[in-house]
Amino acid sequence: QVQLVESGGGSVQAGGSLTLSCAASGYTYSNYYMGWFRQIPGKEREAVAALYNPGGLSYYADSVKGRFTISQDNAKNTLTLQMNSLKPEDTAMYYCARAGLSWRVVPPLRPGQYNYWGQGTQVTVSS
């Protein structure tokens with residue numbers, strides 16, 4: 001049974017940092033595109049970052065480039081999103097997700113392209 005469990009959210013002032021973690025279980029961790037999404041009430045869930053570790057491929061939304069870093073520890077089955085220089089507009093519920101096995105090169109960026117999701121962790125950035 002595939003499970004994704006996020007942790008690390010919280011409240012921080014603008015300019016601060018947070019590290020989100022996603023513990024994965026129930027499958028061979030390294031074979032899939034993994035992604036971080038975020039969502040605020042009333043808006044669509046948007047892709048923040050995605051990583052395909054076997055191919056060394058990563059994607060970042062323009063709004064977070066240079067501030068966020070996605071990484072993966074295969075030994076610990078953990079996906080991490082390091083968030084620096086946080087802004088109030090980064091406030092959202094953050095979710096980690098696993099894409100289907102067919103994704104290899106082009107990163108999946110739509111929520112429907114991911115078939116497993118965590119429960120989410122809230123990030124609040126105050127000005």
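Heads up: numbering here begins at 1 and tracks the sequence. Please read all numbers here as calculations on a predicted model, not as lab measurements.
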Do you know which two heavy atoms are closest between [X] and [Y], and how far apart they sit?
| X | Y | result |
| --- | --- | --- |
| Gly26 | Val2 | O-CG2, 4.1 Å |
| Gln39 | Lys43 | NE2-O, 3.1 Å |
| Arg98 | Leu4 | N-CD1, 3.8 Å |
| Ala99 | Pro108 | CB-CG, 3.7 Å |
| Trp117 | Pro111 | CZ2-O, 3.4 Å |
| Met83 | Leu86 | CB-CD2, 3.8 Å |

If you look only at pairs with a residue in residues 43-90, which of them pass as a ring-ring contact (aromatic ring centres under 6.0 Å, His included), with sequence neighbours excluded?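 Residue pairs passing ring-ring contact (aromatic ring centres under 6.0 Å, His included), neighbours aside: Tyr33-Tyr52.
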Applying side chain to side chain contact (heavy atoms under 4.5 Å, CB included), can you list everything that pairs with Val5, at least two apart in sequence or on another chain?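 For Val5, the residues satisfying side chain to side chain contact (heavy atoms under 4.5 Å, CB included) (neighbours in sequence not counted) are Gln119.
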Show me the pairs that pass disulfide (SG to SG under 2.5 Å) and involve residues 97-127, at least two apart or across chains.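 Of all non-adjacent pairs touching residues 97-127, none passes disulfide (SG to SG under 2.5 Å).
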Pairwise disulfide (SG to SG under 2.5 Å) hits with a residue in residues 37-72, at least two apart: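 Residue pairs passing disulfide (SG to SG under 2.5 Å), neighbours aside: none found.
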Rounded distance (nearest 0.5 Å) linking atom CG of Leu81 with atom CE of Met34: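 Atom-to-atom, Leu81:CG and Met34:CE are 12.0 Å apart.
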By the rule that ILVMFWY residues connect when side-chain heavy atoms come within less than 4.5 angstrom, directly or transitively, which residues belong alongside Ile40?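 Same cluster as Ile40: nobody, lone residue.
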In terms of hydrophobic clustering (I, L, V, M, F, W, Y; side-chain heavy atoms under 4.5 Å; direct or indirect links), are Leu101 and Leu57 co-clustered?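 Unlinked, Leu101 and Leu57 end up in two clusters.
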Shared hydrophobic cluster, Tyr116 / Ile70 (ILVMFWY, side-chain heavy atoms < 4.5 Å):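 Yes, same cluster.
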Show me, pair by pair, the donor-acceptor contacts under 3.5 angstrom made by side chains of residues 88-95, not counting sequence neighbours?
residue: Asp90; atom: OD1; partner: Arg38; partner atom: NH1; Å: 2.9
residue: Asp90; atom: OD1; partner: Arg67; partner atom: NH2; Å: 3.0
residue: Asp90; atom: OD2; partner: Arg67; partner atom: NH1; Å: 2.7
residue: Asp90; atom: OD2; partner: Arg67; partner atom: NH2; Å: 3.4
residue: Asp90; atom: OD2; partner: Lys87; partner atom: N; Å: 2.8
residue: Thr91; atom: OG1; partner: Pro88; partner atom: O; Å: 2.9
residue: Thr91; atom: OG1; partner: Val125; partner atom: N; Å: 2.8
residue: Thr91; atom: OG1; partner: Val125; partner atom: O; Å: 3.3
residue: Tyr94; atom: OH; partner: Arg38; partner atom: NH1; Å: 2.9
residue: Tyr94; atom: OH; partner: Asp90; partner atom: O; Å: 2.6

Distance-only check: which donor-acceptor pairs under 3.5 Å involve side-chain atoms of residues 9-24, not counting sequence neighbours?
residue: Ser17; atom: OG; partner: Asn84; partner atom: OD1; Å: 2.9
residue: Thr19; atom: OG1; partner: Gln82; partner atom: OE1; Å: 2.5

Is a side-chain donor or acceptor of Gln72 paired with a backbone partner of Leu79 at a separation under 3.5 angstrom?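 Checking the backbone N and O of Leu79 against the side chain of Gln72, no donor-acceptor pair under 3.5 Å is found.
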Please list, chain by chain and in numerical order, all residues satisfying side-chain hydrogen bond (donor to acceptor under 3.5 Å, both in side chains) with Lys65, sequence neighbours excluded.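 side-chain hydrogen bond (donor to acceptor under 3.5 Å, both in side chains) list for Lys65, sorted by chain: Asp62.
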side-chain hydrogen bond (donor to acceptor under 3.5 Å, both in side chains) partners for Arg110, two or more places apart: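 With sequence neighbours excluded, Arg110 shows a side-chain hydrogen bond (donor to acceptor under 3.5 Å, both in side chains) to no residue whatsoever.
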Step through it carefully: locate the ring centre of Tyr114, locate the ring centre of Phe37, and say whether they are under 6.0 Å apart.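 Ring-ring flag for Tyr114/Phe37: true, centres closer than 6.0 Å.
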